[in-house]
Chemist: 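Would you mind keeping the following structure in view while I ask a few things?
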Protein chains: 2
Amino acid sequence: MKLVGKELSPGQQVALEWNEPSRCCLVVEGLLRRYSNLSNGTVQTLSIHVPGDIPDLQGLHLRTMDHTLASIGGSKVALLAHREILDVLRKSPRLVALFWRESLVDAAVARAWVKVLGGHDALGRFAHLACELYVRMRVMGLVSDNSYPLPITQVHLGETIGASVVHVNRILKKLRDDRLLVHKRGRLVILNWDRLSEVADFDPAYLNLREPLYLDLTPAGG
Amino acid sequence: MKLVGKELSPGQQVALEWNEPSRCCLVVEGLLRRYSNLSNGTVQTLSIHVPGDIPDLQGLHLRTMDHTLASIGGSKVALLAHREILDVLRKSPRLVALFWRESLVDAAVARAWVKVLGGHDALGRFAHLACELYVRMRVMGLVSDNSYPLPITQVHLGETIGASVVHVNRILKKLRDDRLLVHKRGRLVILNWDRLSEVADFDPAYLNLREPLYLDLTPAGG
DNA sequence: CGAAAAGTTGACGACTTTCAAGTCAGGTGG
DNA sequence: CCACCTGACTTGAAAGTCGTCAACTTTTCG
């Protein structure tokens, strides 16, 4: 299959809401996010994607994008034409099942966010985000010293957990003061995983990581 | 394929969080909901399902349930063994694509809820729920006189939009006073669709209803 | 009819937003 | 090297949304 590599600058958009994409985007390096604009002028992040994800896989079967896909810091992606993916899938039912499963995990993550946004206050929301990203980054071997790269502004964090910048700032301060985590210089450091995951009511089961890839693929685990 | 029909009483559970289901559930009549329990003792509804939905389709590829599936009022469902579904799917790539697409629409609906819960206040959340269910029920020919059956308590509504019962009650009162909608005797009546969908910032695009089934299947449209 | 469930309302306090006024860090030009 | 500038981060105060507690009314159903 032909791969088109591409480097993305911070904020650069890969696919636009309302558009009809003709290719998928595999995250190779960095972070991407899905977001959508509300009528009141604000932005809501729908999900954050780590290397290994294919955030616009749904484009294979759904014509129009219901959100925009864009890079958070700088990132690298690989673009795959729908046509070529479909050619491969026609020949491999096994791969279809694998991709379908990826869609299902993506949906499970979205459901987890519905649960978090509906059931937790802003502190719990942020804690959950930190926990989820920690686990997902760790699977990809991107965690070191209990920390992982998270080059995102407080404005974007607010758009993700549904809180104002001011409130995000206060939450970060509280988590810092309580020695649960620190977000500094584009990196998130977990200081106390047990208490953090307790505050977040976090259970990684929904990520469906029964087969820990990182054990096979990465030289050094989390 | 062998179908097992089943009648469900209000609140009856079809599949439990943490369980490993061996069959799927097709909604035939009534409403079902997915929900999950939070550590603080509260419940969060993840989605509401109308006739035609297969809320636990993900069980085909994900081993453990990340939520409970249960009936809202009384309902009828058809149970399909995974094994039999998979047998059929092996013979029909077309059906695989169709089911996969259903999963993707399910994910799109979940994303829409992330957007709503993250970006709107309780009033907008409820308005959005009312709009979404209106459209989905209409597609199935279940809307008449701008109203549809919604036999759900205010407690459950609160668990759905992430608000307390008291606040749900006040929102309903406001929507009633403003003549946007009325919820009474297990039925939701839309009084002013234009203003309601405006309050809800509702756009049905994410439901991916490009081919309006109801035109072909139902004797009388909405 | 009577009990239980569901709905309704007021008062008070907690969580969160908005507005405003800063501080801090990194990058540019003198 | 330092003044300056800009975007990001911080913080206080006032106001709005929402949750909790408690009491009460209405509806449902045996």
Side-chain angles (χ1 to χ4, degrees), chain A residues 9-11 38 40-44 72-74 116-129 149-178 181-189 199-201, chain B residues 9-12 38-45 71-74 116-129 149-178 181-189 199-201:
Chain A
S9 53
L38 284 76
N40 61 17
T42 67
V43 167
Q44 179 63 45
I72 302 178
V116 169
L117 291 175
H120 287 299
D121 60 12
L123 185 72
R125 293 178 185 186
F126 184 83
H128 198 279
L129 176 65
L150 187 62
I152 184 175
T153 65
Q154 293 183 0
V155 170
H156 285 2
L157 287 176
E159 291 168 354
T160 303
I161 67 171
S164 66
V165 201
V166 173
H167 201 54
V168 167
N169 189 283
R170 289 180 177 130
I171 285 164
L172 285 175
K173 176 169 170 53
K174 174 159 180 56
L175 288 168
R176 213 185 307 137
D177 292 348
D178 291 351
L181 59 77
V182 177
H183 184 225
K184 193 158 192 172
R185 273 179 240 129
R187 228 179 148 76
L188 195 143
V189 188
V199 168
D201 191 12
Chain B
S9 53
Q12 190 173 347
L38 283 76
S39 62
N40 62 16
T42 67
V43 167
Q44 178 64 44
T45 299
S71 185
I72 302 178
V116 170
L117 291 174
H120 287 298
D121 60 13
L123 184 72
R125 294 178 185 185
F126 184 83
H128 198 279
L129 176 64
L150 187 62
I152 185 176
T153 65
Q154 292 183 0
V155 171
H156 285 2
L157 286 175
E159 291 169 355
T160 304
I161 67 171
S164 67
V165 202
V166 173
H167 201 55
V168 166
N169 189 285
R170 289 182 176 127
I171 285 163
L172 286 174
K173 176 170 171 51
K174 175 160 178 55
L175 288 168
R176 213 184 306 138
D177 292 348
D178 291 352
L181 59 77
V182 176
H183 184 226
K184 192 157 193 173
R185 273 178 239 132
R187 228 179 148 76
L188 195 143
V189 187
V199 167
D201 192 12

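Chain A is the first sequence line, chain B the second, and so forth, proteins listed ahead of strands; every chain is numbered from 1. These values consider heavy atoms only, across backbone and side chains, with no hydrogens, waters or symmetry-generated copies.
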Chemist: Please tabulate the protein-to-nucleotide N/O contacts below 3.5 Å involving nucleotides 25-29 of chain D, giving atom names and distances.
Modeler:
none

Chemist: Between A:H183 and A:L150 (side chain of the first, backbone of the second, donor and acceptor by atom type, cut-off under 3.5 Å), is there such a pair?
Modeler: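 Judged by distance alone, yes, a pair lies under 3.5 Å.
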Chemist: What is the distance from NE2 of B:H183 to P of C:dA6, rounded to the nearest Å?
Modeler: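 Nearest whole value for this atom pair: 12 Å.
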Chemist: Can you measure B:I171 atom CD1 to C:dT8 atom C1' for me and round it to whole angstrom units?
Modeler: 14 Å
Chemist: Closest to the B:V166 side chain: D:dT10, D:dA22, C:dT18?
Modeler: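 Closest of the options to the side chain of B:V166: D:dA22.
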Chemist: Between atom NE2 in B:H120 and atom C1' in C:dT16, what is the gap in whole Å?
Modeler: 17 Å
Chemist: Could you tell me if the side chain of A:V199 sits less than 4.5 Å from the side chain of A:D178, heavy atoms only?
Modeler: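 No. Closest side-chain heavy atoms not under 4.5 Å.
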Chemist: Is there side-chain contact between A:L117 and A:R125, with at least one heavy-atom pair below 4.5 Å?
Modeler: yes
Chemist: So A:G186, base contact, sugar-phosphate only, or nothing? Heavy-atom distance under 4.0 Å.
Modeler: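 The residue A:G186 makes no contact with any strand.
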Chemist: Would you kindly give the CG-to-P distance between B:L123 and D:dC18, to the nearest whole Å?
Modeler: 8 Å
Chemist: Return yes if some donor-acceptor pair links the side-chain N/O of A:D121 with the main-chain N/O of A:G124 below 3.5 Å, else return no.
Modeler: yes
Chemist: Is there a donor and acceptor pair, one atom on the side chain of B:R170 and one on the base of C:dG7, closer than 3.5 Å?
Modeler: no
Chemist: In whole Å, I'd like the distance from the CG atom of A:L157 to the C1' atom of C:dT17.
Modeler: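 Going from CG in A:L157 over to C1' in C:dT17 covers 17 Å.
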Chemist: Would you find a donor on one side and an acceptor on the other, under 3.5 Å apart, between the side chain of A:D201 and the backbone of B:L38?
Modeler: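 Flag not set: sc A:D201 to bb B:L38 has no pair under 3.5 Å.
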Chemist: For DNA chain C, whose closest nucleotide is more 5', that of A:H167 or that of B:N169?
Modeler: B:N169
Chemist: Tell me: NZ of B:K174 to P of D:dG16, nearest whole Å?
Modeler: 15 Å
Chemist: What is the separation between atom CD on B:E159 and atom C1' on D:dG19, rounded to the nearest whole Å?
Modeler: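 Nearest whole value for this atom pair: 15 Å.
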Chemist: Where do B:A122 and B:I171 come nearest, in terms of heavy atoms and distance?
Modeler: CB-CD1, 3.2 Å
Chemist: Considering every strand and a 4.0 Å limit on heavy-atom distances, what is the contact class for B:D121: base, sugar-phosphate, or nothing?
Modeler: sugar-phosphate
Chemist: What is the distance from CG of B:L175 to P of C:dG7, rounded to the nearest Å?
Modeler: 15 Å
Chemist: About how many Å separate OG1 of A:T153 and CD1 of A:I72, when rounded to the nearest 0.5 Å?
Modeler: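 Interatomic distance, A:I72 CD1 to A:T153 OG1, rounded to 0.5 Å: 9.0 Å.
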Chemist: Applying a 4.0 Å non-hydrogen cut-off, can you work out what A:R176 is touching in the nucleic acid: base, sugar-phosphate, or nothing?
Modeler: sugar-phosphate
Chemist: Would you mind telling me which residue lines up with the more 5' stretch of DNA chain C, B:K173 or A:R125, judged by nearest nucleotide?
Modeler: B:K173
Chemist: Name the closest nucleotide to the A:Q154 side chain, picking from D:dT10, D:dG19, C:dT17.
Modeler: D:dT10
Chemist: Looking at every strand, decide which applies to A:T153 at a 4.0 Å heavy-atom threshold: base, sugar-phosphate, or nothing.
Modeler: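 Touches sugar-phosphate only.
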